[in-house]
Amino acid sequence: MSTEARKPPLQIALKIRRLLGGKAGWNGVAVQFAFAAVLGWVAYEIISNARANLEKQHIAAGFGFLANNAGFDVNQTLISYTGSDTFLRVFVVGLLNTLVVSVVGIVFSTLIGFVVALCRLSPNWLVSRVGEIYVEIIRNLPLLFQILFWYLAVLAALPNPRQSISLLGIAFISNRGLVIPQPIGQAGLEPFVAALVFGIVAALSLRIYARRALFLRGQLIRIWPYVLGLLIGLPLVTMAVFGLPFTVELPQLKGFNFAGGARIIPEFVALTLALSTYTAAFVAEIVRAGILSVHTGQMEAGASLGLSRGNTLRLIVVPQAMRVIVPPLTNQYLNLTKNSSLAVAIGYPDLVSVWAGTSLSQTGQAIEIIAMTMGVYLLISLFTSALMSIYGWRLSRSLGA
Amino acid sequence: MSDITASSFVRQDLVSERPAPIKTSGLVGLLRTRLLNSPTNILLTIVGLLLLWFTIIPSVRFLVVDAVWTGSDRGACLTENAGFAVGACWPYIQAKLPQLIYGFYPEAERWRVDLALILAAALLLPLLIPRLPAKGLNAGLFFLAFPAVAFFLLHGGGITGFGLSWTAGLLELFDDSIVSAGQVVLGLSGTSAIAPLLWLIGHLITLLGVAIHWLIFPLTWLRDQIQQTGQPVWVDLVLTAAFVSLTGFVLGGGMRGGGRALGSSIATFVAVAIIIKLMGLDHGGLPIVATNLWGGLLVTLVVSVTGIVTSLPIGIALALGRRASIPLIRIFSIAFIEFWRGVPLITVLFFATYMLPLFLPGNFSVDGLVRALIGIALFTGAYQAENVRGGLAAIPRGQSEAAAALGLSWWKTTALIVLPQALRHVIPNLVNSFISLFKDTSLVSIVALFDLLGSLRASFSDPKWATPSTAFTGFAFAGIIYFLFCFGMSRYSLFVERRLNAHRRN
């Protein structure tokens with residue numbers, strides 16, 4: 001007498017059920033149908049209401065307005081722009097302005113943030129207290145408050161251009177903004193840039209080659225003289241052959257204003273100051289936490305292996321700290337980019353200001369314009385999070401190996 | 001045995017005292033070990049002192065020493081009248097203080113704002129002190145009862161019905177929308193290629209609408225009857241109370257265990273009745289103050305408290321949705337969270353101000369403040385969802401498996417076992433989100449609402465107080481207020497964190 005084993009249940013049906021309804025099974029499917037019905041109803045309401053409202057206001061939906069003439073001026077443009085250009089060009093101008101203020105802000109916030117973090121980690125009691133006070137004050141005041149403070153109080157209190165404050169005699173700051181020396185390209189510019197790019201690429205590939213040699217064959221290659229030659233010597237030689245790449249035009253006070261030099265509008269100065277000091281406080285905390293997260297035993301282990309203090313820091317402590325620092329630091333950079341949208345409060349012509357502000361009030365195409373604005377920020381943040389997941393994947397791979 | 005003391009190797013006299021070790025505690029110790037112990041450190045100390053000298057001294061001079069304390073207009077704060085380089089112009093703050101706190105709220109009605117603020121403080125403080133009892137009741141009062149009371153207190157106005165009428169009205173709106181959707185689909189069926197299918201769907205939707213109409217007919221009929229009685233609010237309240245209490249009684253276990261639900265339900269409705277009677281909501285309530293008259297600190301606090309109260313349920317729902325195994329709900333939650341987290345708050349406010357009115361029916365106008373509140377609630381809700389998700393992930397699987405072994409349903413497991421633990425874990429993160437929410441409320445000044453910062457900015461343009469130091473004085477004042485609130489909250493979050501991690505401290 002033998003009992004046959006019962007057949008296992010049909011896997012395919014279970015899998016389909018699981019796929020469609022999750023752990024809740026067919027109940028989950030029912031819930032999904034109800035949820036989809038509600039979503040569909042909401043979407044229908046939104047679309048029908050929007051259509052009715054737009055008809056009432058005589059606004060044609062769609063992106064046709066992008067080709068129309070904008071008819072207003074923008075006071076800082078990176079690409080050539082006049083009032084007779086199209087709205088599409090306004091969009092690009094605003095986007096570029098957002099990007100430039102973000103990049104400058106990121107550079108300065110990183111510099112200030114690392115200095116403040118070093119202050120906070122300093123064994124000197126007074127210096128670490130100064131760092132702490134900076135972080136506490138900056139982090140507990142709204143960013144918009146700080147932007148307005150720099151713009152309405154500090155920059156407005158500066159003297160007019162005639163009495164402007166000279167920074168080492170080459171840059172001048174006044175209530176009309178910052179005037180800095182302007183480089184003007186000469187005949188030797190193109191070969192110079194080409195030599196520089198070639199130098200950087202060659203130096204990087206040299207480094208990769210040297211690391212390979214070290215890891216695969218244990219061969220130590222000294223590359224720094226070549227790198228130095230490539231990065232400094234080669235551009236110098238091109239300069240000697242083709243002439244100066246650019247000359248610097250210093251600003252001169254003439255009458256009531258400056259002649260020569262590049263003028264940076266006060267809105268940009270205020271926004272950059274506020275964004276970089278504000279984000280620096282967060283960067284400082286991240287860097288400090290990252291460095292403190294490396295166990296002191298690591299430093300001692302490095303010393304007991306006979307590594308010098310500099311080598312221990314470079315090869316053991318910093319790589320481990322960077323692992324902790326990089327993801328939140330990227331997040332802060334993303335925050336800074338998003339926060340640059342506060343420019344609209346002081347009239348810096350960023351994406352939100354010229355696009356979701358001026359263009360929206362001129363055309364009334366609220367849905368298209370706000371969707372485009374949100375889409376740009378969404379793309380930036382999705383791109384950053386994609387980069388971060390690649391970084392995380394590489395990190396887990398290197399840790400697993 | 002000879003005397004030991006006589007031996008030559010026994011010391012005869014006391015050794016002189018060794019000098020005391022270098023002091024490493026106290027002020028002198030601090031100076032020695034942390035400030036002046038090496039040339040580099042001495043240099044750093046000097047740099048630090050110089051930094052403080054050039055920041056603290058001018059600030060104190062500006063705020064206190066050189067400040068003007070009394071005056072009636074800008075004349076008092078001008079250097080030529082005062083006779084010295086004038087610092088802060090405090091009479092300007094004195095003159096603008098009502099505007100900075102209440103905005104243009106009518107002077108005769110300002111007691112209502114004060115009362116609302118006192119109520120909020122009286123409910124919030126006991127909630128924050130861990131040692132005090134009755135946290136559940138307290139939280140219920142703060143998160144459910146207080147917003148409703150504060151709305152009628154600050155905005156004014158009364159009600160013409162209660163639960164029954166509101167439910168009937170909402171269902172009727174829903175039904176109308178379904179019927180009109182059916183009509184639209186039927187209208188399309190004349191021109192489309194898949195006309196028969198559309199015709200069928202249209203008729204089905206219309207049929208559904210008619211069915212719902214008859215289903216809710218008793219409710220609408222009852223609503224009309226209630227409105228015809230002389231006291232619609234009270235009749236409706238009694239009916240709603242009876243209905244909710246009976247449902248609670250039956251669901252709570254009938255004769256065996258429903259008494260508790262019945263009692264708490266009746267107590268709640270009695271409290272509601274007392275509030276309605278006290279505020280006279282059944283006959284018009286307090287005079288209405290439109291929200292465009294609100295301003296200053298009032299708007300800042302209203303926006304932040306509403307954001308805090310509404311974002312938490314949204315966040316919990318989204319976090320649970322993101323962890324759900326049902327595909328559509330999970331995908332929707334992820335998309336919703338990532339969308340709001342990916343865009344800056346200011347675009348959300350623009351969305352709420354310009355796009356939201358287009359999405360609502362034409363006869364349905366939403367107040368400017370409410371629009372901003374909706375935007376902020378959605379935005380903060382997405383951030384809170386990620387906080388709550390962190391807490392949910394920290395709960396070991398064993399907890400929900402044990403609950404399943406006890407036979408608890410998913411809802412009971414979540415509500416009784418998982419969520420309470422998860423939320424306790426993330427209190428510090430939630431408070432940190434509230435700090436950034438409080439700071440972010442300043443952004444509403446960009447969409448033409450006058451919060452503290454907006455009122456401050458508006459007050460700068462008053463020619464009566466235009467002096468060189470006006471802007472600095474205003475920013476100093478607003479900065480102190482913002483700093484006190486944010487710093488207080490961050491210290492509280494540290495305190496809670498230390499309390500929660502008490503077992504980990506050594």
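Below, chains carry the letters A, B, ... as their sequence lines are ordered, and counting in each starts from 1.
- With hydrogens and angles left out, the side-chain atoms of B:Thr45 and A:Asn124 include a donor and acceptor closer than 3.5 Å.
- In terms of modelled atom types and a separation under 3.5 Å, the side chain of A:Thr384 and the main chain of A:Ile380 share a donor-acceptor contact.
- With a threshold of 4.5 angstrom between heavy atoms, B:Phe174 approaches chain A through its backbone and through its side chain.
- A 4.5 Å side-chain heavy-atom check between A:Cys119 and A:Tyr134 finds every atom pair outside the cut-off.
- Interface remark: B:Leu52 contributes side-chain atoms only to the contact with chain A (heavy atom separation under 4.5 Å).
- Of the atoms belonging to B:Ile446, it is side-chain heavy atoms, and not backbone ones, that fall under 4.5 Å from chain A.
- A donor-acceptor contact shorter than 3.5 Å is absent between the side chain of A:Lys338 and the backbone of B:Leu345.
- In this structure, B:Ile178 and B:Ile205 have side chains that are in contact, with non-hydrogen atoms separated by less than 4.5 Å.
- No donor-acceptor pair closer than 3.5 Å links the side chain of B:Arg371 to the backbone N or O of B:Ala352.
- A:Val376 does not touch chain B: none of its heavy atoms, backbone or side chain, sits under 4.5 Å away.
- Among the residues in residues 330-339 of chain B, those with a non-hydrogen atom closer than 4.5 angstrom to a non-hydrogen atom of chain A are B:Phe332, B:Glu338, B:Phe339.
- B:Phe460 has its ring centre less than 6.0 Å from the ring centre of B:Phe475.
- Counting all heavy atoms, side chain and backbone alike, A:Arg120 lies closest to A:Val135 at CD-CG2, 4.1 Å.
- Across B:Phe359, B:Phe487, B:Tyr354, the residue that shares the most heavy-atom pairs under 4.5 angstrom with chain A is B:Phe359.
- Interface remark: B:Ile481 contributes no atoms to any contact with chain A (heavy atom separation under 4.5 Å).
- One distance of note links CD1 of A:Ile370 with CG of B:Leu356; it measures 10.0 Å at 0.5 Å rounding.
- Ranked by heavy-atom pairs under 4.5 Å with chain B, the list A:Ser381, A:Ser340, A:Pro123, A:Ala157 is led by A:Pro123.
- Between chain B and the options A:Asn140, A:Leu334, A:Asn53, the largest number of non-hydrogen pairs under 4.5 Å is found for A:Asn140.
- In this structure, the portions of A:Ser341 lying under 4.5 Å from any heavy atom of chain B include both its backbone and its side chain.
- In this structure, chain B has heavy atoms under 4.5 Å from both the backbone and the side chain of A:Ala36.
- Between the side chains of B:Tyr92 and B:Ser469, no donor N or O sits under 3.5 Å from an acceptor N or O.
- Of all the listed residues (A:Tyr377, A:Tyr44, A:Trp125, A:Phe35), the one sharing the greatest number of non-hydrogen pairs under 4.5 Å with chain B is A:Trp125.
- Both the backbone and the side chain of A:Glu136 come within contact range of chain B, judged by heavy atoms closer than 4.5 Å.
- Between the side chain of A:Glu267 and the backbone N or O of A:Pro349, no donor-acceptor pair lies under 3.5 Å.
- The contact between B:Ser445 and chain A is made entirely by side chain atoms (from C-beta outward), counting heavy-atom distances below 4.5 Å.
- Comparing A:Val352, A:Ile47, A:Leu143, A:Asn339 by heavy-atom pairs within less than 4.5 Å of chain B, the highest count is held by A:Val352.
- You'll find the ring centres of B:Trp340 and B:Phe351 inside the 6.0 Å limit.
- Ranked by heavy-atom pairs under 4.5 Å with chain B, the list A:Ile367, A:Val29, A:Thr373 is led by A:Ile367.
- Checked by atom type, the side-chain pair B:Thr467/B:Thr470 shows a donor-acceptor distance below 3.5 Å.
- Heavy-atom pairs under 4.5 Å with chain A peak, among B:Ser442, B:Pro357, B:Ser180, at B:Ser442.
- Within a 6.0 Å sphere centred on CH2 of A:Trp26, heavy atoms belonging to other residues, nucleotides or ligands number more than 12.
- Chain B forms more heavy-atom pairs under 4.5 Å with one residue of A:Ile133, A:Leu379, A:Leu360 than with any other, namely A:Leu360.
- Residues B:Tyr383 and B:Phe379 place their aromatic rings such that the two centres sit under 6.0 Å apart.
- Contacts with chain A were tallied for B:Cys486, B:Pro344, B:Ser325; B:Pro344 has the most, counting heavy-atom pairs under 4.5 Å.
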